[in-house]
Amino acid sequence: MQTHYKTVILGAGAAGMMAAIHAGGDCLVVDHAKSPGEKIRISGGGRCNFTNIHASPANFISQNKHFAKSALSRYTAQDFIKLVEAHNIAYHEKTLGQLFCDESAKDIIALLLKEMTKAGAKLSLQTSLTEYQKTESGFALTLSKSGKATHVTCDHFVVACGGKSIPKMGATGFGYEIAEQFSHSIIETRPALVPLTFAHDILAMTQKLAGLSLDVSVRCGKVSFDEAMLFTHRGLSGPSILQISSYWREKLDISLNLKTKLDVFSSLKDERGKNGKHTLFAFLASIMPKRLAEEILARLSLSGNLADQSDKKLQQLANAINNWTLQPIGSEGYRTAEVTLGGVDTKDLNSRTLESKHVNGLYFIGEVVDVTGWLGGYNFQWAWSSGFAAGTAIASR
């Protein structure tokens with residue numbers, strides 16, 4: 001291994017490989033994993049939701065809502081789609097602008113590796129960074145592979161080692177440690193795009209309904225999402241819950257509308273007037289899965305015919321469907337979280353280049369930065385855009 005590189009990139013994930021492609025050669029990418037792009041490989045059920053055609057700054061969470069604008073505007077979803085098409089990778093839109101590979105997520109990894117090779121970047125896997133320091137002319141790094149230490153220097157050092165999500169894939173908080181060593185602030189991190197958990201009374205219900213999925217609208221504060229929800233043995237999951245988890249905080253309620261296109265109270269009253277002998281269960285079973293209808297009625301201790309129900313009881317039932325308010329007690333944590341919310345404070349970074357404002361030649365890109373996308377390909381787009389921003393900035397020097 002040579003001892004000096006123009007650029008060393010820590011992390012062979014989406015952002016790191018993208019930066020290597022655009023950094024202009026003489027670039028070394030190091031990663032402690034056995035294979036590159038492990039989170040790419042498992043994403044999207046193995047087909048990689050590699051971007052979203054609707055990606056815009058509005059789909060990202062950050063202390064600075066304007067920070068991502070520059071990178072996202074200079075490398076867009078359409079730019080990555082052109083790259084995918086140039087490599088003859090077949091893809092399809094699944095829903096809400098989400099693009100997936102027809103065949104395998106491995107096609108995206110292969111694309112990135114081919115582009116890295118074309119750019120002259122080198123890849124060193126099963127390699128750990130054990131020491132790092134700023135020097136007068138750049139950075140001095142100590143790398144360890146197979147128990148052997150190698151000392152290298154570089155002009156530019158790019159931190160692209162992700163966040164804490166999915167630790168079984170090797171995720172750690174190392175990127176935050178590096179940032180703090182170089183006097184960067186860290187916005188508090190927490191699991192995001194993660195299933196939510198509940199106390200025993202709600203948990204008992206979700207366990208009985210485990211495996212049942214339906215389209216809902218879920219709200220927390222002023223934010224809402226209309227997507228599918230899944231009952232599980234541990235609580236609630238599915239796209240709508242994963243989305244709202246990024247906004248939920250301890251002791252906050254979430255509200256669920258289980259029938260978004262139906263005013264249940266009005267429908268109950270109408271049905272009572274027309275078919276009073278119909279049971280509550282028969283009505284609910286006509287608008288939702290029978291198992292869910294049974295659980296809702298049991299939880300409210302309601303039964304009997306529609307004609308026997310007062311407006312107050314019908315309103316109570318309607319609220320349990322159109323405005324079911326409940327309070328999670330937590331989430332499943334980093335074990336199942338798709339991304340990490342928070343990270344390196346954007347106030348310490350140049351929004352155009354992702355370079356540190358404190359240390360020349362130091363860059364932070366991808367998930368390690370306090371920019372977190374919605375579910376549906378947005379986080380990959382941030383990886384491509386931020387990697388491009390840092391890579392092209394380095395190439396221009």
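The side-chain contact (heavy atoms from CB on, under 4.5 Å) check on N323 picks up S255, T325, with sequence neighbours excluded.
Hydrophobic clustering places I61 together with L252 (ILVMFWY residues linked when any side-chain heavy atoms are closer than 4.5 Å, directly or through intermediates). A continuous path of ILVMFWY side-chain contacts below 4.5 Å connects F364 to L141, so both sit in one hydrophobic cluster. Taking hydrophobic clusters as Ile, Leu, Val, Met, Phe, Trp and Tyr residues chained together by side-chain heavy-atom distances below 4.5 Å, I187 does not share a cluster with Y363. Transitive grouping of hydrophobic side chains (ILVMFWY, heavy atoms separated by less than 4.5 Å) brings F139 and L354 into a common cluster. F157 and V30 end up in the same hydrophobic cluster when Ile, Leu, Val, Met, Phe, Trp and Tyr side chains are linked at under 4.5 Å.
Heavy-atom contacts from other residues, nucleotides or ligands closer than 6.0 Å to CD of E188 number 12 or fewer. In this structure, R335 places its CZ atom where more than 12 heavy-atom neighbours from other residues, nucleotides or ligands lie under 6.0 Å away. No more than 12 heavy atoms of other residues, nucleotides or ligands lie within 6.0 Å of NE2 in H200, so this atom counts as exposed by the packing criterion.
When atom types are taken as modelled, the side chain of T232 and the backbone of R234 share a donor-acceptor pair closer than 3.5 angstrom. In this structure, S224 contributes its side chain and V218 its backbone to no donor-acceptor pair below 3.5 Å. Checked by atom type and distance alone, the side chain of T130 pairs as donor or acceptor with a backbone atom of T142 at under 3.5 Å. Proximity of a side-chain donor or acceptor of N350 to a complementary backbone N or O of T353 within less than 3.5 Å is detected. E180 places no side-chain N or O within 3.5 Å of a backbone atom of I186 that could act as its donor or acceptor partner. A donor-acceptor distance shorter than 3.5 angstrom exists from the side chain of S396 to the backbone of A393, with no hydrogens or angles considered. Between the K134 side chain and the G138 main chain, a donor and an acceptor come within less than 3.5 Å of each other. Side chain of Q327 to backbone of K251: a donor-acceptor contact under 3.5 angstrom is found. Judged purely by atom type and a 3.5 angstrom limit, K357 uses its side chain to pair as donor or acceptor with the backbone of K347.
Residue pairs meeting the salt bridge (Lys or Arg N to Asp or Glu O under 4.0 Å) criterion with at least one member in residues 102-112: none, sequence neighbours excluded.
By the 4.5 Å heavy-atom criterion applied to side chains, E338 and N379 are not counted as neighbours. When side chains are defined from C-beta on, S246 counts as touching L193, because their heavy atoms get closer than 4.5 Å. With contacts defined as side-chain heavy-atom distances shorter than 4.5 Å, the pair D31/P36 does not qualify. Here the side chains of S331 and S245 are not in contact, with every heavy-atom distance at 4.5 Å or above. Put simply, the side chain of L123 does not reach to within 4.5 Å of the side chain of T117, judged on heavy atoms. Side-chain contact between L129 and V8 is absent, with no heavy atoms from C-beta onward closer than 4.5 Å. When side chains are defined from C-beta on, K34 does not count as touching L125, because their heavy atoms never get closer than 4.5 Å. Contact of the F182 side chain with the H358 side chain is not registered, since no non-hydrogen atoms from C-beta on lie closer than 4.5 Å.
In this structure, L302 CG and L284 CG are separated by 9.0 Å, a value rounded to the nearest 0.5 Å. From I241, atom CD1 reaches atom CG of L375 across 12.0 Å, with rounding to the nearest 0.5 Å. The distance from atom NZ of K313 to atom CG of L280, rounded to the nearest 0.5 Å, is 9.0 Å. Interatomic distance, F231 CZ to L203 CG, rounded to the nearest 0.5 Å: 12.0 Å. We find the CG-CD distance between D345 and Q63 to be 7.0 Å, quoted to the nearest 0.5 Å. Note that CZ of R47 and NZ of K94 are 8.5 Å apart. Values are rounded to the nearest 0.5 Å.
A salt bridge between R41 and E38 is present, with a side-chain N of the basic residue lying under 4.0 Å from a carboxylate O of the acidic one. Using a 4.0 Å cut-off between charged nitrogen and carboxylate oxygen, D215 and K261 do not count as a salt-bridge pair.
Looking at S267 and K259, their side chains never bring a donor and an acceptor atom within 3.5 Å of each other. Looking at E271 and S286, their side chains never bring a donor and an acceptor atom within 3.5 Å of each other. No hydrogens or angles considered: a donor-acceptor pair under 3.5 Å links the side chains of D79 and T76.
For the ring pair (Phe, Tyr, Trp, His ring centres under 6.0 Å) test with F50, the passing option among Y378, W384, F380, Y91 is Y91; the others fail.
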Please test S128 against H32 for side-chain hydrogen bond (donor to acceptor under 3.5 Å, both in side chains), starting from the C-alpha separation and ending with a verdict.
CA-CA 5 Å; S128 300; H32 59 54; over 6 Å; no
Going through the distances and angles, do E115 and K118 end up as a salt bridge (charged side-chain N to carboxylate O under 4.0 Å, His left out)?
CA-CA 5 Å; E115 291 291 326; K118 188 191 304 183; 3.3 Å; yes
Any chance you could lay out the side-chain contact (heavy atoms from CB on, under 4.5 Å) test for S124 and L143, step after step, and finish with the verdict?
CA-CA 10 Å; S124 182; L143 306 177; 6.0 Å; no
What's the verdict on side-chain contact (heavy atoms from CB on, under 4.5 Å) for I321 and L262, showing C-alpha distance, side-chain angles and the deciding distance?
CA-CA 10 Å; I321 298 170; L262 183 69; over 6 Å; no
Stepwise side-chain hydrogen bond (donor to acceptor under 3.5 Å, both in side chains) check, N59 with H54
CA-CA 9 Å; N59 307 116; H54 303 307; over 6 Å; no
Apply side-chain hydrogen bond (donor to acceptor under 3.5 Å, both in side chains) to the pair Q315 and N319, showing each step before the final yes or no.
CA-CA 6 Å; Q315 186 67 69; N319 286 342; 3.1 Å; yes
Given side-chain contact (heavy atoms from CB on, under 4.5 Å), test D370 with N64 step by step and report yes or no.
CA-CA 9 Å; D370 175 36; N64 179 355; over 6 Å; no
Between S237 and E332, is the side-chain hydrogen bond (donor to acceptor under 3.5 Å, both in side chains) condition met? List the steps.
CA-CA 10 Å; S237 187; E332 291 188 12; over 6 Å; no
Verdict with reasoning, E294 to K208, per salt bridge (charged side-chain N to carboxylate O under 4.0 Å, His left out):
CA-CA 11 Å; E294 289 173 344; K208 289 181 182 178; over 6 Å; no
Assess whether side-chain contact (heavy atoms from CB on, under 4.5 Å) is satisfied between Y5 and H156, documenting all intermediate values.
CA-CA 8 Å; Y5 294 87; H156 303 274; over 6 Å; no
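The two residues A160 and I9 make their nearest non-hydrogen contact at CB-CG2, 4.2 Å.
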For residues 171-179, run the donor-acceptor check on the side chains, cut-off 3.5 Å, and write out each pair with its distance to 0.1 Å, sequence neighbours left out.
from : atom 1 : to   : atom 2 : distance (Å)
T172 : OG1    : F174 : N      : 3.2

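Classification of the F388-H22 ring pair by plane angle, with boundaries at 30° and 60°, yields perpendicular.
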